[in-house]
Structures are given as structure tokens and as C-alpha cells.
Amino acid sequence: MLAANEIAARLREVRERIVQAAKRSGREADEIRLVLASKTQPPDAVRAAYHAGARDFGENYIREAAAKRAEVADLTDATWHLIGHLQSNKTRLATRTFEIVQTLDSARLADAIAHAQPTPLMPVLIEVNLGGEPSKSGVGAGDIESLVDTARAKVEILGLMTIPPRAESATGARNYFAKLRRLRDRLAATTGLALSELSMGMTEDFEVAIEEGATMVRVGRAVFGERPT
Ligand SMILES: *Cc1c(COP(=O)(O)O)cnc(C)c1O
């Protein structure tokens, strides 16, 4: 892992870029939550970011996250986001490990989450597969409304999340981010839910995502450096 002071310096730089992107789009920087994607990073990397002010961490693998969280259990005001795919048979450990699941993509999974945590309703985002890519999880744009209808009594739906298809350019990514925002606006109108959260943007494109309305950006490498492969 990078040295703790380097992680702190990179975190400051990402924060500054968030401030500038917010300013360019007439938004307040404190509307945007920086979720650090800490998959494959050791607990000490999380600790270094925490001491530099980070409070939100995103993890992809349930067991890795549970073990890591246990090692930094003293950081009691950190919030853990599940940003990787969740299988129904892992929901119990997931609801104990995470405060928010960003990857709800089926009615069956909503049932399993509600079964593992009936009350209070688990906060979730619906993961949208905007490009309709078969290799990715997430619900297709055409199926979201029926998912919201069946899941809203079982989980607390806060908004939408997406990992758009790899774009050749920042403009390509921008189109997908704008698409997610419009989808949210339409869905909020038809369902009556606020759906105020939009989780979109990573190391390569988080500033564009902020310009298009992201309320959560998920950033890994810009803060922690390249992941070991
Ligand atoms: C790894 C990951 C990120 C962060 O990616 P970087 O390119 O390292 O910023 C964001 N979102 C999800 C779902 C991820 O798996």
C-alpha cells in the first residue's frame, strides 16, 4: 500500500477536485459524498484515509469487507457501502457488514435483504445496467419501475447507482451520467419517492459525474494507487 501520508495527500487532492467540479456546476461540495473504493486495500490503508478525514468506504466482496471492518472496528463512525454484486445467500453477512447496499438489482435480492434485516429497512441504491451489457449486473432501464414497486416496502430505496460501459471519452461517460439522472427524475415523478442519491463516477470520470448531478462518487485508485493485480 502507499504510505499513509501519500494517501492523505492524494485524498486532499481528490477533495479539491470535487470542490472545483461542484463550483463549475453551481453545486455545493458538501452535497457530494466521497466513497473510497477500498477493495484489495489492507486495513491500514482504510485507517490512513480515515485519519485524513474519510468516513465512507466502499467494498465489493462481502467476506473481505467483513474481515477488514473487524480490523478497523475502532473507527466507529465510518460508513460502509457495498458496491459489488450481492448474492442472495450472502445477505445476512452483508446486512451486518454494510450500512448501505448500492447494488440492489432484483426483487429476489430485496426479499432476501428484508428477510436478513426486517427493521429498520436496509438503505439501498438500485444498480442500473445502462448499457444493457450482459457481463454486468444491474437492472435494465426498462425494468426499474417494477423493481421499485415490489422492493419499496422491503428496503429503503435512496436512489440509483451505475457503472456505465467503458467510454472512449469523458463525453461518452457524460452521456451515461446524464441518462441516469433523467431516469431518476422520471422515476421519482412516477413513484413519488425522492430518490435523491445518484452514485456515479470513479477515478477516471468523477468530476464529469459531479457536473451531471452525482451525490456519491466512488473513488479507489486516485486515493489508494493502483490495485495489486
Ligand atoms: C473499484 C470500484 C470503483 C473505484 O474504481 P477506481 O477506478 O479505482 O476509482 C468504483 N465503483 C465500483 C463499483 C468499483 O468496483
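All ligand and atom numbering here is 1-based and tracks the order in the structure. Since this is a predicted model, take the numbers as computed values, not measurements. When a residue number appears, it is its place in the shown sequence, counting from 1.
Nearest heavy-atom pair, Ile210 versus Ser25, reported as atom, atom and distance to 0.1 Å: O-OG, 4.0 Å. Of all non-hydrogen atoms in Thr203 and Arg221, the two that sit nearest each other are OG1-N, 3.4 Å.
Between the Ser106 side chain and the Leu109 main chain, a donor and an acceptor come within less than 3.5 Å of each other. Of the possible donor and acceptor atoms, none in the side chain of Thr97 sits under 3.5 Å from a partner among the backbone N and O of Ala94. The backbone N or O of Gln87 sits nowhere less than 3.5 Å from a side-chain atom of Thr91 that would complete a donor-acceptor pair.
Close N/O approach between Gly220 and ligand 1 is found [any backbone or side-chain N/O within under 3.5 Å].
Heavy atoms of Arg227 approach ligand 1 to within less than 4.0 angstrom.
When hydrogens are left out, the protein atom nearest atom 11 (N) of ligand 1 is Arg218 NE, 2.9 Å; that is the closest non-hydrogen contact. At the top of the distance list for atom 7 (O) of ligand 1, counting protein heavy atoms only, stands Arg221 NH2, 2.8 Å. The protein non-hydrogen atom at the shortest distance from atom 4 (C) of ligand 1 is Ala37 CB, 3.5 Å. At the top of the distance list for atom 13 (C) of ligand 1, counting protein heavy atoms only, stands Ile83 O, 3.4 Å. The protein heavy-atom contact nearest to atom 10 (C) of ligand 1 is Met202 SD, 3.1 Å.
Atoms of ligand 1 lying under 4.0 Å from any heavy atom of Asn60, numbered from 1 in the order shown and given with element: 14 (C), 15 (O). Of all the atoms in ligand 1, the ones that sit under 4.0 Å from a non-hydrogen atom of Val219 are 9 (O). Residue Ile163 has at least one heavy-atom neighbour below 4.0 Å for each of these atoms of ligand 1: 13 (C).
At a heavy-atom cutoff of 4.0 Å, ligand 1 is contacted by both the backbone and the side chain of Thr203. The side chain of Lys39, and not its backbone, has at least one atom closer than 4.0 Å to an atom of ligand 1 (non-hydrogen atoms only; side chain from C-beta on).
Note on Lys39 versus Glu59: no salt bridge recorded, every NZ/NE/NH1/NH2 to OD/OE distance being 4.0 Å or above.
Side-chain polar atoms of Asp205 and Tyr176 form no donor-acceptor pair below 3.5 angstrom. Between the side chains of Ser199 and Arg218, a donor-acceptor pair is found at a separation under 3.5 Å.
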